[in-house]
Structures are given as C-alpha cells and as structure tokens.
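All figures in this text were calculated on a predicted structure; none of them were measured in a lab. All ligand and atom numbering here is 1-based and tracks the order in the structure.
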Amino acid sequence: MSAIQLSALTKYFGDTQVINSLDLGIGDGELAVFVGPSGCGKSTTLRMIAGLEDPSSGEIWMGNERIDTLPPAKRGIAMVFQSYALYPHCTVRGNLGFALKHAGMARADIEAKVNAVADVLDLTSLMKRYPKELSGGQRQRVAIGRALVREPEVFLFDEPLSNLDAALRVKMRVEILKLHRRLKRTMVYVTHDQVEAMTLADKIVVFNAGSIEQVGKPLDLYAKPANKFVAGFIGSPAMNFFSSGAGALLCPTAAEAANSECGVRPEHLEIRLDGAGLSGCIEVFEHLGNEAFAHVRVGTDLFVVRVNASAQYDYDQPVVLRASPENLHRFSTTTGQRID
Ligand code: ADP
C-alpha cells in the first residue's frame with residue numbers, strides 16, 4: 001500500500017509559516033498534481049514527503065506507516081528534479097546504475113535492472129553516451145530512469161519538464177502518462193503550469209499561499225471551481241470576471257446574480273453583431289490557426305471570447321456578448337467562494 005496521507009502538515013521557515021496545516025489524501029497508484037503560483041508551497045510540501053525538509057508539525061503517512069520520522073532513504077520514495085543532476089563523468093549506463101552500485105547490489109543484477117529500465121525509457125541505444133552528448137529530453141529520461149531502477153513505491157516529480165522547450169514538454173508529458181499507466185505507482189507531480197496539471201492528473205491539488213484551495217479531478221475543477229482563485233487559475237485563456245450588473249445584461253435570466261461576482265469561460269461567450277446583451281467593441285483579435293480569440297472591451301472590463309477559426313472582426317467593431325445561465329459562475333464578493 002502506497003497511499004499517502006498528510007495530516008495537519010505545517011512548515012515554518014524561521015517565523016514565517018509557509019505551509020498551513022495541510023490535510024490531503026493521495027490514493028494508492030494515483031497521479032496527483034500539485035499546482036499553484038510560484039512560492040505557494042508546492043515544492044516544500046513535496047520535499048517534506050521526500051524527507052528533504054522536516055515538517056514543523058503534523059504527520060505524513062504511507063499506507064499504514066508513519067514516514068515523516070524516517071530518514072529519506074527508508075521511505076521507498078524516489079524524486080525527479082527539474083535540474084536533471086546527472087553525474088557528468090558517468091555514461092547513461094553508469095548514471096542509471098549508480099544508486100544500485102552504491103547500495104552494493106551484485107553486478108549482474110544491476111545490469112539486468114538497468115537494461116530493463118533503459119528498455120522502458122527508450123534509452124538502450126544511448127547507454128554509452130555521456131550527459132553532455134544528450135538532448136534535454138534524453139537527459140530528463142535518464143533522470144527518470146535513475147528513479148525507476150530503485151523501484152520505489154512512490155515517485156515525486158518537482159517541475160521535471162520546466163527546462164525543456166515547448167514541443168519536448170508536450171512529448172515528455174505523454175511519456176510520463178504512459179509510464180504511470182505502465183507502473184501503476186503513486187506519483188506526485190509539482191508544476192506551476194495548469195495545462196500540465198489538467199493533462200496529467202488523476203487528481204489536481206490547487207495550492208495558494210501555503211494552503212489547499214481545492215482538490216478534485218481536472219474536469220470537475222474546470223466545470224465547478226470552488227472559488228474565484230481556482231476559477232481564475234485553471235483554464236487558458238483565463239475565465240472572465242465581471243460584476244453582477246454586467247452579468248444581468250450578459251445573461252438576463254440570471255437575475256439572482258445580484259451582489260455576486262460573475263465569471264464565464266471564453267468558450268462559453270456568444271458574440272453577435274447586434275441584438276440584446278452586453279455591448280462592447282473589439283479591442284484585439286488573435287488568430288491561432290485552429291481557433292481565434294476576440295478581446296472585447298466593455299467599459300472597464302475586457303472579455304476574452306473564443307470564436308471560430310474562420311471568424312474575422314475589425315478593431316473597434318461594435319459587438320454584443322451573451323451567455324447561457326448554466327455557463328455563468330458566481331462567487332461571493334466577500335469570500336470569493338462559489339455560489340450555486
Ligand atoms: P513553490 O514550490 O510553490 O514555488 P516553495 O515551496 O518553493 O514554493 O516555497 C514556499 C515559500 O517558502 C516561498 O515563500 C519560499 O520563498 C519559502 N522558502 C522555500 N524554501 C525556503 C528556505 N529554505 N528558507 C526560507 N524560505 C523558504
């Protein structure tokens with residue numbers, strides 16, 4: 001059993017509290033993604049699970065065992081970092097086998113394990129190369145391989161793809177998904193990139209300022225964000241926010257929208273040249289090839305609207321926006337919590 005349970009987990013650096021009494025369960029075999037803006041405590045939480053940082057208070061459990069009191073090497077956890085941290089003077093084979101050699105494993109056993117991992121990660125043809133002879137993606141695969149050979153119960157990834165270019169990031173994301181499907185091990189993955197979170201996670205954990213804002217499946221978070229922070233963080237382009245006054249014009253049947261802040265996603269806005277609705281004008285029009293985004297100025301508000309790739313609008317062209325009531329999100333103006 002390698003389910004992970006954090007309970008009242010708290011961390012201070014000096015007098016500053018950076019993790020505020022977290023409670024979180026990650027299921028056996030689940031791929032959980034910690035996402036949130038830079039500095040919100042994702043890495044610190046991951047490092048506490050790994051044993052690289054001591055909690056100030058609270059507990060960490062793996063299955064039926066309390067692990068926060070164990071040294072890192074006894075936790076059955078392997079971590080993959082953003083900086084690959086490969087040994088430059090060792091070949092790929094040497095890097096993959098390093099930990100096993102260090103642990104005193106017999107040479108033939110090391111050979112067998114390293115070959116098996118190289119096969120999984122498509123590194124077999126690169127075994128004699130040194131890190132400087134590898135591309136960024138290949139280095140990251142070796143770094144993952146070094147974690148794999150140790151056959152850990154739990155894998156932790158700390159922004160492992162941040163140093164790669166955009167195309168390679170997408171490719172490696174798919175590799176990590178395939179790896180997770182094959183190994184069926186518990187994985188915790190830290191990223192500030194909500195697209196990575198949406199595409200990888202069984203379960204997303206949204207962090208903000210040392211606390212958890214929401215935990216859930218990607219599409220549940222997208223469809224029903226618990227508060228304005230999650231609503232604004234998950235989704236690209238971001239959700240549009242506006243006052244309930246504008247909401248009443250945008251969506252007349254949402255009369256109860258009074259005294260709340262409203263939000264609507266770019267793909268849920270309908271844009272017309274005339275008729276009833278919220279009147280504005282085109283400020284910017286962006287073509288992406290497969291889709292396009294109209295930025296519509298309405299007084300002091302700017303609405304981003306996803307439109308058909310074949311659409312064409314002129315700058316300053318008057319338009320009218322509308323939305324269906326079921327696509328309008330409402331949040332308390334005082335607490336930011338979702339109102340249903
Ligand atoms: P994230 O991974 O979400 O970007 P971190 O967990 O790295 O955030 O950091 C959370 C907060 O703790 C930040 O304000 C950061 O500056 C602070 N912090 C992290 N490590 C240390 C440290 N060793 N000493 C003091 N403050 C730290």
S.K.: So for ligand 1, is Cys40 a polar contact partner (N or O within less than 3.5 Å, distance only)?
M.R.: yes

S.K.: What is the closest protein heavy atom to atom 12 (O) of ligand 1, and at what distance does it sit?
M.R.: Val18 CG1, 3.3 Å

S.K.: Parallel under 30°, tilted from 30 to 60°, perpendicular over 60°: which one fits the rings of His287 and Phe285?
M.R.: perpendicular

S.K.: Can you report which non-hydrogen protein atom sits closest to atom 23 (N) of ligand 1, along with the distance?
M.R.: Phe13 CE2, 3.5 Å

S.K.: With heavy-atom distances below 4.5 Å as the criterion, would you say the side chains of His192 and Val35 are in contact?
M.R.: no

S.K.: Counting only nitrogen or oxygen atoms and a 3.5 angstrom limit, does Lys42 reach ligand 1?
M.R.: yes

S.K.: Under a 4.0 Å N-O cut-off, is there an ion pair linking Arg272 with Glu270?
M.R.: yes

S.K.: Please answer: with hydrophobic residues joined when any side-chain heavy atoms are less than 4.5 Å apart, are Leu183 and Val80 in the same cluster?
M.R.: yes

S.K.: To check your reading of the model: name the closest protein heavy atom to atom 8 (O) of ligand 1, its residue, and the distance in Å.
M.R.: Gly41 N, 3.2 Å

S.K.: Does atom 20 (N) of ligand 1 have a protein non-hydrogen atom under 4.0 Å from it?
M.R.: yes

S.K.: What I want to find out is whether Arg107 reaches Asp109 closely enough, with some N-O distance under 4.0 Å, to be called a salt bridge.
M.R.: no

S.K.: Taking both backbone and side-chain atoms of Val190, is any N or O found less than 3.5 Å from an N or O belonging to ligand 1?
M.R.: no

S.K.: Geometry only, no angles: is Thr44 polar-contacting ligand 1 at N/O separations under 3.5 Å?
M.R.: yes

S.K.: Using heavy-atom distances, let me know which of Gly210, Gly39, Gly36 sits nearest atom 1 (P) of ligand 1.
M.R.: Gly39

S.K.: Provide, to 0.1 Å, the distance between atom 7 (O) of ligand 1 and the closest protein heavy atom, together with that atom's residue and name.
M.R.: Ser43 CB, 3.8 Å

S.K.: Taking Asn227 as the fixed residue, which of Gln214, Glu213, Arg338 is the one that meets the side chain to side chain donor-acceptor pair (under 3.5 Å) rule?
M.R.: Glu213

S.K.: Any protein heavy-atom neighbour for atom 15 (C) of ligand 1 (distance below 4.0 angstrom)?
M.R.: no

S.K.: One pair to check against ring-ring contact (aromatic ring centres under 6.0 Å, His included): Phe34 and Tyr189. What are the steps and the verdict?
M.R.: CA-CA 6 Å; Phe34 292 177; Tyr189 187 105; over 10 Å; no

S.K.: Report yes if some heavy atom in the side chain of Val296 is under 4.5 Å from a heavy atom in the side chain of Ile282; otherwise report no.
M.R.: yes

